[in-house]
Amino acid sequence: MKRLVLIDGSSYLYRAFHALPPLSNAAGEPTGALFGVVNMLRAHLKERPDFAAFVVDAPGKTFRDDLYPQYKANRPPMPDDLRAQMQPMCEIVQALGFPILRMEGVEADDVIGTLALQAAAQGIDVTISTGDKDFAQLVRPGVALVNTMSGSRLDSDQTVFDKFGVHPNQVIDLLALMGDAVDNVPGVEKCGPKTAAKWLAEYGSLDGVLAHASEIKGKIGDNLRAAAERLPLNRALVTIKTDVELGGGPESLVLRERDVDSLRTLFARYGFNQALKELDGAAPAQAAGKAGGKVAAAPAAAADLDPALSAPGVYETVLLPAQLEAWIERLRAADEFAFDCETDNIDPMQANLVGLSFCVEPGTAAYLPLGHDYPGAPEQLDRAQTLAALAPLFADPAKKKLGQHGKYDLHVLRRLGLKVGNYADDTLLESFVLTSGISRHDLDSLAMRYLGYGTVKYEDVAGKGSKSIPFSAVSIEDATRYAAEDADVTLRVHRVLAPKLAAEAGLTFVYREIEMPLVPVLERVEANGVMIDANELRRQSADLSKRMLAAQQKATELVGRAVNLDSPKQLGALLYDELKLPALVKTPSGQPSTNEEALEAIADQHELPRTILEYRALAKLRSTYTDKLADNVNPQTGRVHTSYHQAGAATGRIASSEPNLQNIPIRTEDGRRIRRAFVAPPGRKLVACDYSQIELRIMAHLSEDAGLLRAFEAGTDIHRATAAEVFGRKLDEVTANERRAAKAINFGLMYGMSAFGLARQLSIPRGEAQDYIALYFSRYPGVRDFMERTRQQAREQGYVETVFGRRLHLDYIQKGTAAQRASAERAAINAPMQGTAADIIKRAMVSIDAWLADHRDRALMILQVHDELVFETEAGFVDTLLAEAGKRMSAAAELRVPLVVDSGVGDNWDEAH
DNA sequence: GTCGATACGTAC
DNA sequence: GACGTACGTATCGACG
């Protein structure tokens, strides 16, 4: 059977424009709506229809304007950013091979309706792709409706009835009763889909409802009778015409061969990297078998899962050449495969490969042992030969690869000389994007949550703690159970999560365009590592030790006996019980605290608190930094390779560990010295680029507050500008103390701080802090409204969003205790700003990495610290790098304020600031 | 010995 | 109760 796809271009363009972030390409041209439309079209192309058309509205009046002059009268003009995308959209649609239809005097809907019925009459299977629910009136055998943005599909009387509560032939009457605010067609007042469906169920049709109008009681009955006269007109307006005179029939809508050269130029110009990669990755996927089927979102509960996804797996151990060949054949035939590396070390920069697992179809997986070494271990395939045989599959850009936390595997394979081209999906990141804030993203949790499946745990086969054995000593039988299952479960979880993600345009953007492209970039940043001057650290450790000893002796002298300055418990007993100093601060558990704030408060009453503070500052630096950093130098590379956790922070920020290089001291002189040990090798330099006040700029963007926008536009020192507003000064009359207070307000507000907190921070009376905040909000009313909106959204939806559509779910915003709810509200206020900043720097990293691809021998990205990127570069490349990195960081988002980047150069990280 | 909870402090 | 997001170190008590 032949297939025809009719695409409602106008509807998608508007919906994509509003659903997607305000994206732009490097040249600053808006691209958000384009992006949505291009992805939608690519999805349809994968299904290989015989005929297709992209239908758009023509400018000018239509017959509906003649029927009803106010038709669409209150519609605002097309936004400039959308209008600018019309021309490029047509170019891309053309280049993809779609015929474009545009007809005057009727709307796109009518053209689609006419073609749909003509085609159905000729026995052609029709799919109408639209975001407009009005098309449900056309659903019948041979005519189906899909919305690629929501993932919904209406293809039968039943599916329409499930959605609207009426049959397709009643949809027109339903719409006539409800009216359409967007098109300025008033229906029956207070009559929504439920009431309209109820009436139609009872009286059959609009005529039936009107005939019985006098029987309907109450206010809504009055409303119906009041609207009765205009309802036939409504019906005429919402009826999609199916008898438009067209130049040609559906058989003329042949899909042309795509114009690869034009597409490459267009995709590159608008920054559609995924599309570009697919274009250059040889043949597009021939997904005929999988298309058409289930588009609907997958079920959430394990109970009503596709049984194929929870059936037990059959796992094969690959020990013979023939088995390997058979599996290579399977992988070759597949569109995408899941894989997983087993190693002897959790640090991927040191791990040795022990085995590999693969899965192509749920339930069928293989474990390929390559390095098991224990008494009685069977002979395994030759590692080098086997990897050489697998290398082309991993490298093939047309072959999609899937994993759970694949950054780890990318490291292991890279160190073995294998390239992974097109690492396309990662269940860790799918889960992170879908459920950030409410669930864990490790494979065991995902298997339980989405498959109702308890996996074999690592500890089950390798033991844990001191009794654990390296994976190479695990029996190959146990290893197969564990490892093949990992690949199998990864694929199964992906099959559940992918459709959930596909049904959310904003989340799909975050996943496809931010998180997945970042995986290989982060892998490179980690692999690059940073050079550490271990001798410098040793000198600093010795100096700190000397001063710690002095503080210790001083404390002993003051107390008259030895005291353990490392034990808060003992210090509390000493200060508050023995010395009877006042305990002014309590820990969360209610004990008297010995933290910095508590000690500062009593420092004028006794010498000991100051001595403890001195000791603590030194001990922190030595134990956490100067002693420890050198332990993290990789013996093979001689450098420190932190590990970045892409799904580490619920807001979207990246976290760093082992060691954490995102909390290296900078505020005190002693602390800052540690940065001198982060060095460039001879002949090279460190370059640091950081966003200036990025989160406050995002607050200005989100709140659209005129005063804040103006201050950033003018380039004034934002804390000074705030102080001038709040304290009623001219800019140059602001005192240092006023600026300090304004800075505390600016930061405090972004964290949801209260007057109580501000008072404590500034050591001022609470009433005064309250006055500052009130004054702030009266000067920046947009900020107050934005914060209230954000709280409201969080309470109603249970989540908040970044500019790019990333979501943070707040579990306790509705159900928690008062304290938990208040805490969730503060998190809700902070997340859009912190999260948007994270989105922006992630995009910048991807962009800069793409540029650096041609200069890997000259410059490396080596660190990310939330709003800062650090590079190591040849001295002769510094200027080029500064210009290009700064440009790409600034262009990573198009906000209502400029994104300013500061940068510095030096022989070490301290100098580079 | 190992593990988890608690307290504290570093970064943005 | 009161300022958001992380990670690491040290202590201390429970557990075996």
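Below, all heavy atoms of this structure are taken into account, side chains as well, without hydrogens, waters or symmetry copies. Per chain, numbering begins at 1; letters A, B, ... match sequence-line order.
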What's the closest nucleotide to the side chain of [X] if the choices are [options]?
| X | options | value |
| --- | --- | --- |
| A/Asn830 | B/dC8, B/dA11, C/dG4 | C/dG4 |
| A/Arg616 | C/dC12, C/dA6, B/dG9 | B/dG9 |
| A/Glu596 | B/dA7, C/dC12, B/dG9 | B/dG9 |
| A/Ser589 | B/dA7, B/dA11, C/dA2 | B/dA7 |
| A/Tyr751 | C/dG4, C/dG1, B/dT10 | C/dG4 |
| A/Lys569 | B/dT10, C/dC12, C/dT5 | C/dC12 |
| A/Arg826 | C/dA2, B/dC12, C/dG4 | C/dG4 |
| A/Asn660 | C/dG4, B/dC8, C/dG8 | C/dG8 |
| A/Asn663 | C/dA2, B/dA11, C/dT11 | B/dA11 |
| A/Ala649 | C/dA2, C/dA6, B/dA7 | C/dA6 |

Distance check: side-chain N/O of [X] vs OP1/OP2 of [N], anything under 4.0 Å?
| X | N | result |
| --- | --- | --- |
| A/Arg760 | C/dA2 | no |
| A/Gln570 | C/dC12 | yes |
| A/Lys628 | C/dT9 | yes |
| A/Ser656 | C/dC7 | no |
| A/Thr624 | B/dG9 | no |
| A/Lys464 | B/dT2 | no |
| A/Thr651 | C/dT5 | no |
| A/Ser593 | B/dC8 | yes |
| A/Arg667 | B/dT10 | no |

Rounded interatomic separation in angstrom, taking [atom1] from [X] and [atom2] from [N]:
| X | N | atom1 | atom2 | answer |
| --- | --- | --- | --- | --- |
| A/Leu575 | B/dA7 | CG | C1' | 14 Å |
| A/Asp839 | C/dT5 | CG | P | 16 Å |
| A/Met753 | C/dT5 | CE | C1' | 16 Å |
| A/Tyr615 | B/dG9 | OH | P | 13 Å |
| A/Leu613 | B/dC8 | CG | P | 12 Å |
| A/Leu618 | B/dT10 | CG | P | 11 Å |
| A/Gln591 | B/dC8 | CD | P | 10 Å |
| A/Leu621 | C/dA10 | CG | P | 13 Å |

Does [X] pair with [Y] as a salt bridge, N-O distance under 4.0 Å?
| X | Y | result |
| --- | --- | --- |
| A/Arg739 | A/Asp717 | yes |
| A/Arg610 | A/Glu596 | no |
| A/Glu658 | A/Lys628 | no |

Using a cut-off of 4.0 Å on non-hydrogen atoms, how would the nucleic acid contact of [X] be classed: base, sugar-phosphate, or nothing?
| X | value |
| --- | --- |
| A/Ser823 | nothing |
| A/Ala650 | sugar-phosphate |
| A/Arg766 | base |
| A/Ile666 | sugar-phosphate |
| A/Ala827 | sugar-phosphate |

Which residue in the set A/His701, A/Arg697, A/Met750 passes side chain to side chain contact (heavy atoms under 4.5 Å, CB included) when paired with A/Met833?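 So the option named by the test is A/Met750.
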Answer yes or no: is there a donor N or O on one side and an acceptor on the other, between the side chain of A/Thr611 and the main chain of A/Glu607, under 3.5 Å? yes
Is the side chain of A/Ser445 donor-acceptor paired with the backbone N or O of A/His441 at a distance under 3.5 Å, no angle test? no
Is there a donor on the side chain of A/Arg653 or the base of B/dC12 sitting less than 3.5 Å from an acceptor on the other? yes
Is the distance between the ring centroids of A/His866 and A/Tyr691 less than 6.0 Å?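 No, they do not, as the ring centres are separated by 6.0 Å or more.
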Considering every strand shown, what is the Watson-Crick or G-U wobble mate of B/dT2 when both distances are under 3.5 Å? C/dA14
As a quick check of understanding, evaluate side chain to side chain contact (heavy atoms under 4.5 Å, CB included) for A/Phe712 and A/Ile718, giving each step before the final call. CA-CA 7 Å; A/Phe712 278 122; A/Ile718 192 64; 3.6 Å; yes
